[in-house]
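Letters A, B, ... mirror the listed sequences (proteins, then strands); counts begin at 1. Here the structure is a predicted model, which is why all the values come from computation and not from measurement.
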Number of protein chains: 2
Amino acid sequence: MAKKSVKRASSKDVAREAGVSQSTVSRVFNNSGIPVSEDKRQLILETAARMGYRPSLIARSLNQQRTHIIGLLVKNFSNIFYIEALRLFSLMFQKQGYTIMLFNTQDDGRIEEDLVKALEYQVDGVVLTSATLDSSIVTQYKDFGVPVILFNRLNEGKAVNAVCCDNVAGGEAVARYLIERGHRNLVYIAGEEGSSTNRDRQNGFIRQSGEMGISDIRIIDGDFSYQSGYRAAEQLIAQCTSFDGVFCPSDSMAIGFMDYISMHTQLSIPEDFSLVGFDGAPIQNEELYPLTTYEQPLQRMVEKTVQFMIDTIENYTPEPVSYLFNGSILERGTVRDRR
Amino acid sequence: MAKKSVKRASSKDVAREAGVSQSTVSRVFNNSGIPVSEDKRQLILETAARMGYRPSLIARSLNQQRTHIIGLLVKNFSNIFYIEALRLFSLMFQKQGYTIMLFNTQDDGRIEEDLVKALEYQVDGVVLTSATLDSSIVTQYKDFGVPVILFNRLNEGKAVNAVCCDNVAGGEAVARYLIERGHRNLVYIAGEEGSSTNRDRQNGFIRQSGEMGISDIRIIDGDFSYQSGYRAAEQLIAQCTSFDGVFCPSDSMAIGFMDYISMHTQLSIPEDFSLVGFDGAPIQNEELYPLTTYEQPLQRMVEKTVQFMIDTIENYTPEPVSYLFNGSILERGTVRDRR
DNA sequence: TGCCTTTTCGCATACGCAATCAGTATACAA
DNA sequence: TTGTATACTGATTGCGTATGCGAAAAGGCA
């Protein structure tokens, strides 16, 4: 059996069938305002429908040098925050007439491979979420005139476009929030090592604490995941340190932390100590997990990224821009005022 | 400023620069075994690298009538099971040299729109997950010779390819499992109305129960979501019916159910009644949610879908095939033997 | 050296579309 | 009737790649 049992109708086929030229068919299907007489238009639409004709966006892309495809590189499928971002991206790009090509970059070594693949497919732009990437690759990428936007990640020297939450300010805000409410013995559960998001949140948290007179902050290892939050709680409790405020720089970690506390200790939050998360991703059950957290304006960040991308595609500018967003503390029930 | 500040090098450019013909460049880059002398090959590879040349997969697709793009239509971004499926699909298709075009089909009315878009992009095949679709559209789609596979969904008359868990057998297995262990007063929390998955699980559950002498099964409305499980528990408890076995046809629902019970009642599972879920999607904390569930062989199902898709692309056959998979009860801690 | 086989390469064309340009038909004014 | 402007249509070209065919070059053998 042949590879394709049916051959798709092309505009040429429709033209022959309808007795017009291929150009006229083309003019009818790309609504670019070029006038076609009404009777021919109807004739063409009818024969096209009868033959099941659909314009080939591949051929159109080749001709126009524009694919209307956006490459979306995603790494972290276990973090609800990025799932939510993915959902919003796909929705908003679709609404703007773009289609998403998804690259699930499992390990960092494959990033370059995926970027090249996206390039070969002539994507109009690339969004990188949650990837700890070698910036040299992206710089090289820029040479092709394809816009790249880092989402929720900054790179050194701001050599690449980025839309990001101001993580330093976020860390500072959490420190301020806790210390202003009388917390003195703070703990920071670290996120993924080497990621700019963790580094910035940690630096902001520690610096602001220092400025407010709190300098010895305990740091426990982690990696943003639920499990790491759970284990961090275990580790912290085993050390039996006295503490009254914990900052988990992701909601997943915070919830893992809460679970360990409620399952294996007699402590209760916020009576015995306060807990603040980060992200503000949707929580299924806020009654069960009334997590006070620093909420990133995810929706606005995605909107900005999409708009920024489209603007850049339509008017390419080589100078990189970084947009920083500020979130705010979402007060729920895991922080008590200790003054 | 121009739309593109740089023009990408084409095979023709490389050919001119290297002093060979465009054909030879092409032959070097599509490793189709056509011989090119070693010195020219090296020369071409070098100049290509120097010029930053990458073959255009768009142009290649136009020429070959094959894009190596798979359209993936996803609806349910809130269900962990489908997120996991999406992750596996993207991984496995990438490994097989295919790239994924993602369509986030928000509401069912847009399915047709997304299918058409995928068609226009000349995708080599389409996988539909979690979509309650009008089969007439898909039938029409088949006329284009583009393979369509329904994932985790059957359609009436089996007119379309499908890879699915045998939901009827699953429902039966759960009924058998509960009744064999002495449960007599069963409750079924319904999944999304109108979905084949819910209908089949429900039918299997009720029929098998009937055959084993249990005929009056209470049914509570739901839609597969965490919230609907939570509300169903509330509703059930309010009715104060005596029951000893509950079947939630998705793990999300089951966990919502568990949460309501532990938060708002004095009942405990499995002491006061047993609970069985469905899916077997990863649960973050099995200690906290030791849910006994019917586990679908997700990994194998995805593998089969990918393999099936590639086979169908390479050797198109118009006769639709349905592959049914059987899962099994994953015993954890929410069922007690009541004999 | 001449002839033949094999390897290697270039020419020309096709893929499906959009755009440019040139050409026809119609309308209206002179 | 002719000229001009305008509405419309068609032939042609190019986007970047792959490939059949034939030509040329290289190599083998007498």
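Residues Leu115(B) and Leu119(B) fail the side-chain proximity criterion, which asks for heavy atoms closer than 4.5 Å. Looking only at side-chain heavy atoms (C-beta outward), Lys95(A) and Leu91(A) stay at 4.5 Å or farther from each other. Val321(A) is listed as a side-chain neighbour of Phe308(A), based on a closest heavy-atom distance under 4.5 Å. Between His68(A) and Leu57(A), every side-chain heavy-atom pair lies at or beyond the 4.5 Å cut-off. Residues Phe81(A) and Gln296(A) meet the side-chain proximity criterion, which asks for heavy atoms closer than 4.5 Å. Between Cys164(B) and Arg153(B), the closest side-chain pair of non-hydrogen atoms is not below 4.5 Å. The closest side-chain heavy-atom distance from Leu102(B) to Leu86(B) is below 4.5 Å. Under the 4.5 Å side-chain criterion, counting only non-hydrogen atoms from C-beta, Gln94(B) is not in contact with Ile100(B).
Between dA19(C) and Asn30(A), a contact under 4.0 Å exists linking OP1 or OP2 to a side-chain N or O. Here Lys40(A) does not reach the OP1 or OP2 of dA25(C): none of its side-chain N or O atoms lies under 4.0 Å away. In terms of phosphate contacts, Tyr121(B) brings no side-chain nitrogen or oxygen within less than 4.0 Å of OP1 or OP2 of dG16(C).
For Glu120(B) and dC17(C), the CD to P distance is 10 Å, given to the nearest whole Å. What separates CG of Leu62(B) from P of dT13(C) is a distance of 18 Å, to the nearest Å. Residue Arg66(A) contributes atom CZ, which lies 12 Å from atom P of dA19(C) at whole-angstrom precision. What separates CG of Leu57(A) from P of dC17(C) is a distance of 9 Å, to the nearest Å. Atom-to-atom, CZ of Arg8(A) to P of dC17(C) comes out at 10 Å; the value is rounded to the nearest Å. Atom pair Arg16(A):CZ and dG16(C):C1' shows a separation of 13 Å (rounding to whole Å applied). Gln65(A) places its CD atom 12 Å from the P atom of dA19(C), with the value rounded to the nearest Å. Atom CZ of Arg41(B) and atom P of dT7(C) are 15 Å apart (whole Å).
Using a 4.0 Å heavy-atom cutoff across all strands shown, Val25(B) reaches no nucleic acid atom at all. Using a 4.0 Å heavy-atom criterion, one finds that Ser56(B) contacts the sugar-phosphate atoms exclusively. Using a 4.0 Å heavy-atom distance criterion, Gln64(B) is classed as a sugar-phosphate-only contact. Here Val36(B) lies in heavy-atom contact (under 4.0 Å) with sugar-phosphate atoms only. Using a 4.0 Å heavy-atom distance criterion, Ser23(A) is classed as a base contact. The residue Ser26(B) sits close to a base: some heavy atom pair falls under 4.0 Å.
Closest to the Ser11(A) side chain, of the nucleotides dC17(C), dG10(C), dC15(C), is dC17(C).
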- request: Dot-bracket notation for DNA chain C is requested: 5' to 3', Watson-Crick or G-U wobble pairs only, both distances under 3.5 Å, with ( ), [ ], | and . as defined.
  value: ||||||||||||||||||||||||||||||
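Both Ser37(B) and Gln22(B) lie near DNA chain C, and the one whose nearest nucleotide falls closer to the 5' end is Ser37(B). Closest-nucleotide positions on DNA chain C for Arg27(B) and Asn63(A) were compared, and the one nearer the 5' end corresponds to Arg27(B).
Think of the region where chain B sits on DNA chain D: with heavy atoms and a 4.0 Å cut, that region ends 5' and 3' at dC15(D) to dG20(D).
In this model, no donor atom of one side chain and acceptor atom of the other lie less than 3.5 Å apart for Ser26(B) and Ser23(B).
A perpendicular orientation is assigned to the rings of Tyr53(A) and Phe29(A), their planes being inclined by more than 60° (bins at 30° and 60°).
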